[in-house]
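What follows is a single structure, written as C-alpha cells, with notes after it.
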Amino acid sequence: QTKPAPQSKAAQAKALKEFDERPAKYVPAVEKYGYIRRVVDIPMRDGVKLHTIIAIPRGAKDVGMLMTRTPYDAESSASDRPGIYASLPGAAATGEDAITASGYIRVFQDVRGMHGSEGQYSMNPAPVGTPFNPTRTDDSTDTYDTIDWLVKNVPESNKRVGIIGISYDGFLSLMPLINPHPALKVAVPMNPMVDGWRGDDWFHNGAFRQTMMGYMLGQEATRDASAEWIQDISDDYDWYLKGGSAGDIAKKQGLEQVGFWRKVAAHPAYDTYWQSQAMDQVLAKQPLKVPVMVVHSLWDQEDIYGGPAVYKALEAKDANNDMVFLTMGPWFHGQGAGDGSALGGVKWSADTALWWRRNVLAPFLAHYLKSDQPAMDVAPVTAFQSGANEWQRLQGWPAAGAAAPAKLYLKPAGGLGFDAATGGAATAQYISDPAAPVGYRARPLPKSDSGNGWRNWLGGDQRMVSGRPDVLVFQTEPLTQAVTVAGVPEVNLNAATTGTDSDWVVKLIDVYPDGRTGDAEMAGYQFGVAMDIFRGRYRESLSEAKPIAANVPLTYRFALPTTNHVFRPGHRIMVQVQSSWFPLYDRNPQTFVPNIMFAKPADYVKATQTVTVGGPDESFVTLPVVR
Ligand code: PG9
C-alpha cells in the first residue's frame, strides 16, 4: 500500500467537505409536469407560519385557486398521485382528472402543528369561541389568513378560491364556512368528519372505535406523524382481545402521553365537549354565505354520519335551493377520488367516481372558480341508487314526499315482514360472550390494516357471521316486487339482557338470490346496506350513561346510516342483531362500569340477550319506503 502524500489543512478540509455528497438544504426542482412549484411559509394573524405549496400551471393567467388543507403532509399531497388530493400531473395527460384538466392553481397547506407548519396541534381543533379552544385561532381563521395572502400574492390567479378535501381535510373544508373570506367562492367537503361521537371516526352512538388509537398516536406523538403503534400479533382480533380494555392498550402503547386520547377517555359520553364542536351544530348557527357541495359515501367506513348531517344543517338555510348541493356515491371513504367501479365484490355498471368527477364535480367547480363562470347543469342532489345502479337527479334529500315510513317487523323463527307477527308474545335469544366477540370482518384481520379489506368492509358478505349462534338472523321470503328505500332506517329494538350494560348492533341486509342467478360470484351474498351499533347505557340520554335494568325488556331506538337502495325482486331483506362488532368497537363488559375505557377483566361477563319478536312490543326497523 502506498502512503497518501501529506496534505495541507485547507486541502484536508476541502476533501472532507467534498466527501459529504448531500446538499446542506435540498431545494427541489421548481417545475414538474408543467407546474411551477412555489413553496411559502404563510404568516397567520398570531405570527405562526403555515407551510404551503402552490402549484401553478405553466403560463397560467386569470385562473382560480383550489386549496386543500391537511394534517397529512402537504408536500406528499402535492405529489403526482392521481386523485383529488393531489390532482396534479399524471392523470391530466389522460384527461381523467377533472380538476387538473381545468387548469386551476392548486394550493396545499399543512395545518398548524403538523409537518412543515409551526404552531400547536390539536385534533380537529374546536372553533374559537367554543369552550374547548382557548386560543385566538382555528382552521377557519387560518384559512381566512391564507386566502387573504393568496389573493394578494399570486398574480396568476383570478382571486377566486375554492377549498376541497376528504375526511379530516373535509372537516377542514367546512371550518372556513365560519366567517368566510370574501374570496372563498366554493367549498367541497368530501366525507367530512363532522361529529366524532354520533357516528364518525371516534365513536358510533357511544361505542368506541378502538382501532383508531393507533391513528391518535401517529398524528399527535410527533410533528412528522412518525410514531409507531406496536403490535406483535398478526391478527388484530387476537391482539385486541389479549390487550384488555382500550385504557389498558393505551397505557401499554404510551398513548397516555397524547392529549387527544386523554380527552377521548375523559369524555366517553355525548357531553358538551362533543356537542360544541360537532360541525353540523356549529354551522347551523352561522349564516350561509358560500356555495357548498357535500360529498357523501354511502358505505363510508370512517365518516358515515357527517355528510348527511351537515347537509341537513346547511340545507335548512338554503332558501332558494341554489347554495347547498349533495352528492351520495356508492363508495367507501374517499372513493369518490379514485376508481368507483365496485365496492369490494359488489360491482356497479361503470366507474361511478369518474362519471361523477367529470359530470358533477368539474362543472360545479368551474362555475364558481372560473372567471367566466360557465353555466352548470348540476342538480341540488346527485344520488346513486344502489340495486338499480343508477344516478338520480333530485331537488332535495330525502326527496320531498317520496318515501313513507313502513315498519319491518322481526318475527319468530327468523321471520321478517311488513306485517306484524300474529302469534302473540315471542322472543329470540342468544348469549353474548365478551370473551368471543362477533367480528366486524372475517379473520384473520391484518393488523391495523388500511388496505382494501378495511376500505370495503361495510359492503362485505355478512355470511361470515350469520351462522354464529350469537347472531340473530331474520329474513323475508324472496321479494315478488322491488322494495325501494330512500333515507334513514330507524331501529326500534325491544330487548332484555341479563347484564347491566350492552351493545346492540343492527344490520339491514340485501340477500342476493342463491342458485340460478346468472351471477355465481354474488349468489346468496348478504350485502349490508345500513348497519350500525348502539351502546345501551345511552338508551335514556346520550350525554349521560345509565345502567340497564337487568332482565327487563327495554326499547332501544337509533338511526342506521342513510341508504338509497332498491331490494330487487327475487332478493330477500334480512336483519341481523348481535352485541359486538370487534375489534373495531371495544367490547362492552356487559356489567355497568362508570367508564368502559377502564373496565377491569372481572367486569367482562356473558349475558343472555332476549329480543322481542311478537306481541305488542315486537321489535321493528322503520324503513323509508318509496311507493
Ligand atoms: N377518517 C380520518 C379522520 C378524520 C378526522 C379525524 C380523524 C381521522 C381521515 O381519513 O382523515
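Order of appearance sets the numbers: ligands from 1, and atoms from 1 within every ligand.
Taking the six-membered ring where the residue is Trp, Tyr144 and His181 present tilted rings, their angle falling between 30° and 60°. By the 30° and 60° cut-offs, the orientation of the rings of Phe558 relative to Phe534 is parallel.
Using a 4.0 Å cut-off between heavy atoms, Tyr215 contacts ligand 1 through its side chain alone, with no backbone atom that close. Within the 4.0 Å heavy-atom criterion, neither part of Gln219 lies near ligand 1.
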Any chance you could lay out the salt bridge (Lys or Arg N to Asp or Glu O under 4.0 Å) test for Asp248 and Lys242, step after step, and finish with the verdict? CA-CA 10 Å; Asp248 289 337; Lys242 192 165 159 252; over 6 Å; no

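Arg69 has no carboxylate O lying under 4.0 Å from a charged side-chain N of Asp110, or vice versa, which leaves the two without a salt bridge. The pair Arg537-Asp503 does not count as a salt bridge, with every side-chain nitrogen at least 4.0 angstrom from each carboxylate oxygen.
Which parts of ligand 1 touch Met212 is read off a 4.0 Å heavy-atom cut-off, strictly below it: atoms 8 (C). Listed by number with element, the atoms of ligand 1 under 4.0 angstrom from any heavy atom of Glu302 are 1 (N), 2 (C), 9 (C), 10 (O). Each of the following atoms of ligand 1 lies closer than 4.0 Å to a heavy atom of Trp202: 6 (C), 7 (C). Those atoms of ligand 1 that come under 4.0 Å of a heavy atom in Asp303, given as number and element, are 1 (N).
The distance criterion of under 3.5 Å between nitrogen or oxygen atoms is not met by Asn124 with respect to ligand 1. The shortest N or O to N or O distance between Ser167 and ligand 1 is under 3.5 Å.
When the heavy-atom distances from atom 3 (C) of ligand 1 to Asp201, Thr70, Val194, Asp169 are ranked, the shortest goes to Asp201.
Figure legend: cation-pi geometry between Arg198 and Tyr270, with NZ or CZ positioned under 6.0 Å from the six-membered ring centre and within 45° of its axis.
Close placement of the Trp356 and Trp331 rings is indicated, their centers lying within 6.0 Å of each other.
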